Amino acid sequence: MADPTAEQARALARHEGAARFAFNQGLRLHLNARRAVKEGTASADGDRHTDPVKVPWTGFDLINAFNAWKKTADAGRRFVVDSSGVAELEVTGLAWRSEVSAQVFEEAVVDLGRALKAWTDSRRGKRAGRTVGHPRFKQKSHERGSFRVRNKVSRTKKGQRSTIRLGERGPRSVTLPGIGAIRVHDDTRRLRRMLDKGRARIVFASVSRRGGRWRISVNVEAAEFHPEAQHPARDHADLSGWAGVDLGLHAPVVIALADGTQTLRIDEAPKAMRAAQPMTRRLSRSVSRKVKGSVNRRAAVQRLARHHERIRARRHHFLHQVSNLSVKTHDRLVIEDLNITGMLANHRLAAAISNAAWAELARQITYKTAWRGGRVLAADRWFPSSRTCCACGRINTTLTLADRVFACDGCGNAIDRDLNAAVNLAAWGDKHASQVLDPEARGQVTNAHRRAGSGRCTRVDETCLDDVGTLTAPAA
């Protein structure tokens with residue numbers, strides 16, 4: 001969380017607007033080029049141009065196209081009248097481009113290139129998941145926006161100097177190029193210590209605005225956790241020890257082993273959205289009663305945005321607590337691949353399912369387990385973990401959501417519904433672990449960058465350069 005001054009807030013808003021402008025202009029140049037290729041370009045006398053029109057698709061081509069456009073008359077021009085009354089056209093280009101960092105323009109069109117690639121890959125069937133739509137023009141908003149700047153390292157007489165620096169104006173400050181040192185609420189001492197000892201380096205910084213507040217996220221390329229902080233390595237032939245993670249509404253998280261041992265159970269979750277519903281309704285009515293375009297409506301929208309941001313913060317705080325507790329106590333987890341989109345069709349449970357944020361919890365568990373050297377498997381989406389008896393394997397087709405105790409008609413086993421599902425997921429992991437080559441079945445996972453040189457660990461929980469590497473899960 002950032003605490004900029006009034007002048008710095010205006011500079012941040014200026015950079016945010018520049019990023020939005022570059023994205024929209026890059027998309028406009030791309031669409032114009034595609035239209036020119038489709039319709040053909042003609043000169044004044046009606047002859048076709050012989051030079052083909054190149055459509056910028058990649059981030060590199062879009063950067064070149066935008067840099068060429070920002071110096072032309074289309075980007076900016078003015079008429080200069082001398083003392084004799086003669087007017088001359090002067091090409092100024094994008095006159096305000098020097099007021100913001102050039103990296104903001106480049107990173108914005110790079111994002112556009114990635115969006116175009118995702119769209120084309122989705123159309124050709126090269127991208128898994130939901131269909132990705134074509135990039136659209138960004139709309140100006142006083143509540144949401146972001147931009148990104150890269151960290152460049154230059155050599156000076158005193159050594160190397162980075163454009164993104166921490167702790168320059170106190171332990172709680174971040175220095176960004178073109179803006180200066182901005183105060184932040186979080187202490188940067190731990191990260192500065194890693195940077196000073198060469199165990200991490202800053203790649204870029206993303207600045208975003210949500211709910212009227214600015215946030216600075218520093219992307220760091222760091223070494224992996226020290227072996228003392230990671231889970232003990234297992235033998236490649238050992239395919240047991242999996243723990244199933246059952247996600248639900250009655251009990252948010254239940255983790256159990258294949259032998260029926262319950263290792264973690266969270267019975268209650270802070271229902272942030274339901275608890276804040278009266279305030280949400282009041283603030284929403286306040287927005288609807290204001291005149292569109294008025295100052296009062298903008299202030300009401302800001303209050304509503306801050307309210308929703310507080311709800312999101314409460315929810316994510318709980319999810320981080322649960323995911324940290326799960327990955328610290330288990331090195332092999334099996335999570336469910338839930339059809340959340342289909343489950344949201346139940347309008348009576350849609351609000352509770354959305355508030356549970358199962359997908360976000362699964363995402364946090366996945367990357368945090370990889371940090372600690374563990375493995376995560378995603379069970380088959382149609383695996384009936386809740387309807388299957390963990391003792392005999394019989395499927396109960398009459399089980400409903402109201403049944404909190406699973407009673408097997410075959411063997412007479414009676415067990416908690418959520419615990420039964422977690423045990424079945426753990427057994428599924430023991431059975432299918434040999435069919436997965438890595439934590440996400442997507443190839444090698446890179447978590448760190450190997451750098452030249454080596455160092456000595458001064459503390460038990462520190463990582464030296466010798467320990468920096470990549471996380472790989474060999475085939476079982």
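Quick caveat: nothing in here was measured; it's all calculated off a predicted structure. Because only heavy atoms are used, hydrogens play no part in the values below, and waters and symmetry mates are left out as well, while side chains stay in.
Few gaps surround CZ on F137; more than 12 heavy atoms of other groups in view lie less than 6.0 Å from it. Environment of NE2 in H320: crowded, with over 12 heavy atoms of neighbouring residues, nucleotides or ligands closer than 6.0 Å. Annotation for H347: atom NE2 does not count as buried by contact number, only 12 or fewer foreign heavy atoms lying within 6.0 Å. K368 NZ: more than 12 foreign heavy atoms inside a 6.0 Å radius. Within 6.0 Å of atom NE2 in H317, 12 or fewer heavy atoms from other residues, nucleotides or ligands are found, so the atom counts as exposed in its surroundings. Counted within 6.0 Å of CZ on R306, heavy atoms from surrounding residues, nucleotides or ligands total more than 12; the atom is thus considered enclosed. With a 6.0 Å radius and a threshold of 12 heavy atoms from other residues, nucleotides or ligands, E168 has its CD atom above the threshold. For R363, the CZ atom sits in a packed shell: over 12 heavy atoms of surrounding residues, nucleotides or ligands are nearer than 6.0 Å.
Between S206 and N219, the closest side-chain pair of non-hydrogen atoms is not below 4.5 Å. Taking the side chain as every heavy atom from C-beta outward, V218 and F204 never approach each other to under 4.5 Å. Inter-residue side-chain proximity for T329 and T263 is flagged as unmet; no heavy-atom pair is nearer than 4.5 Å. At a threshold of 4.5 Å between non-hydrogen side-chain atoms, the residues I353 and L249 count as touching. Annotation: side chain of H134 is in contact with side chain of L27 (closest heavy-atom distance under 4.5 Å). By the 4.5 Å heavy-atom criterion applied to side chains, L62 and T58 are not counted as neighbours. Annotation: side chain of Q321 is not in contact with side chain of N324 (no heavy-atom distance under 4.5 Å). Side-chain contact between P135 and L112: present, with at least one pair of heavy atoms (C-beta onward) separated by less than 4.5 Å.
Taken from CD1 in I365 to CD in E360, the straight-line distance is 10.5 Å, to the nearest 0.5 Å. In this structure, CH2 on W57 lies 5.0 Å from CH2 on W119, to the nearest 0.5 angstrom. Considering OG of S208 and CZ of R215, their distance stands at 6.5 Å, rounded to 0.5 Å. Note: W242 CH2 to L377 CG = 3.5 Å, rounded to the nearest 0.5 Å. Here the straight-line distance linking atom CG of D187 with atom CZ of R172 works out to 4.5 Å at 0.5 Å rounding. E268 contributes atom CD, which lies 9.5 Å from atom CZ of F318 (distance to the nearest 0.5 angstrom).
Put simply, the residue from H231, R375, R234 that forms a side-chain hydrogen bond (donor to acceptor under 3.5 Å, both in side chains) with D331 is R234. Here the rule is side chain to side chain contact (heavy atoms under 4.5 Å, CB included) with N24, and of R136, K138, K140 only K138 fits it.
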Checking L176 against I182 for the side-chain contact (heavy atoms from CB on, under 4.5 Å) test, could you report, in this order, the C-alpha distance in whole Å, the side-chain angles of both residues, the deciding distance, and whether it holds?
CA-CA 8 Å; L176 299 178; I182 303 176; 4.0 Å; yes

Kindly determine whether L247 and I335 satisfy side-chain contact (heavy atoms from CB on, under 4.5 Å), including the steps that lead there.
CA-CA 8 Å; L247 306 177; I335 59 178; 5.9 Å; no

Test side-chain contact (heavy atoms from CB on, under 4.5 Å) on W428 and V334 and set out the steps.
CA-CA 8 Å; W428 187 93; V334 181; 4.0 Å; yes

CA sep, side-chain torsions, deciding dist, call: L401, L349, side-chain contact (heavy atoms from CB on, under 4.5 Å)
CA-CA 11 Å; L401 293 176; L349 299 177; 3.7 Å; yes

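R372 contributes no side-chain N or O that, together with a main-chain N or O of V327, makes up a donor-acceptor pair within less than 3.5 Å. Side chain of T188 to main chain of L191: no donor-acceptor pair is present (N/O by atom type, distance under 3.5 Å, no hydrogens or angles). The backbone N or O of T398 sits less than 3.5 Å from a side-chain atom of N396, completing a donor-acceptor pair. Between the side chain of T163 and the backbone N or O of K152 there is at least one donor-acceptor pair closer than 3.5 Å. Here the side chain of R165 pairs a donor or acceptor atom with the backbone of S162 at under 3.5 angstrom. Under a 3.5 Å cut-off, the side chain of Q230 and the backbone N or O of G373 do not form any donor-acceptor pair. D61 places no side-chain N or O within 3.5 Å of a backbone atom of P56 that could act as its donor or acceptor partner. Side chain of S354 to main chain of A351: no donor-acceptor pair is present (N/O by atom type, distance under 3.5 Å, no hydrogens or angles). Using modelled atom types, one side-chain atom of S173 and one backbone atom of G170 make a donor-acceptor pair closer than 3.5 Å. Although no hydrogens or angles enter the test, the distance criterion places a donor-acceptor pair under 3.5 Å between the side chain of H330 and the main chain of S326.
Inspection of the E16 and S146 side chains reveals no N or O donor paired with an N or O acceptor under 3.5 Å. Judged by distance alone, the side chains of T280 and H307 do bring a donor and an acceptor atom under 3.5 Å apart. At a cut-off of 3.5 Å, with distance as the only test, a side-chain donor of R315 or N355 sits close to an acceptor on the other residue.
D121 has no carboxylate O lying under 4.0 Å from a charged side-chain N of R123, or vice versa, which leaves the two without a salt bridge. Under a 4.0 Å N-O distance rule, the pair D111/R114 qualifies as a salt bridge. Looking at E309 and R303, no side-chain N of the basic residue comes within less than 4.0 Å of a carboxylate O on the acidic one, giving no salt bridge. Electrostatic pairing of R404 and D416 does not count as a salt bridge here, judged by no charged N lying under 4.0 Å from a carboxylate O. Ionic pairing of E224 and R199 is not present here: no N-O contact between side-chain nitrogen and carboxylate oxygen is shorter than 4.0 angstrom. With salt bridges taken as basic N to acidic carboxylate O contacts below 4.0 Å, none links D246 and R417. In this structure, R150 pairs ionically with E106, as a charged nitrogen and a carboxylate oxygen lie closer than 4.0 Å. Contact check on R192 versus D196 returns no salt bridge, with no Lys/Arg side-chain nitrogen under 4.0 Å from an Asp/Glu carboxylate oxygen. Comment: D337 engages R381 in a salt bridge, judged by a side-chain N to carboxylate O separation of less than 4.0 angstrom.
Considering every non-hydrogen atom in both V149 and V104, the closest pair reads CG1-CG2, 4.0 Å. The two residues C389 and N413 have their closest heavy-atom pair at SG-ND2, 3.7 Å. Across R265 and A251, no two heavy atoms sit closer than the pair NH2-CB, 4.0 Å. Here the shortest heavy-atom pairing between L304 and S284 reads CD1-OG, 3.9 Å. Counting all heavy atoms, side chain and backbone alike, L425 lies closest to G244 at CB-CA, 3.7 Å. Across all non-hydrogen atoms, the minimal contact from R394 to F406 is O-CZ, 4.3 Å.
Using cut-offs of 30° and 60° for the angle between ring planes, the H15 and F147 rings count as tilted.
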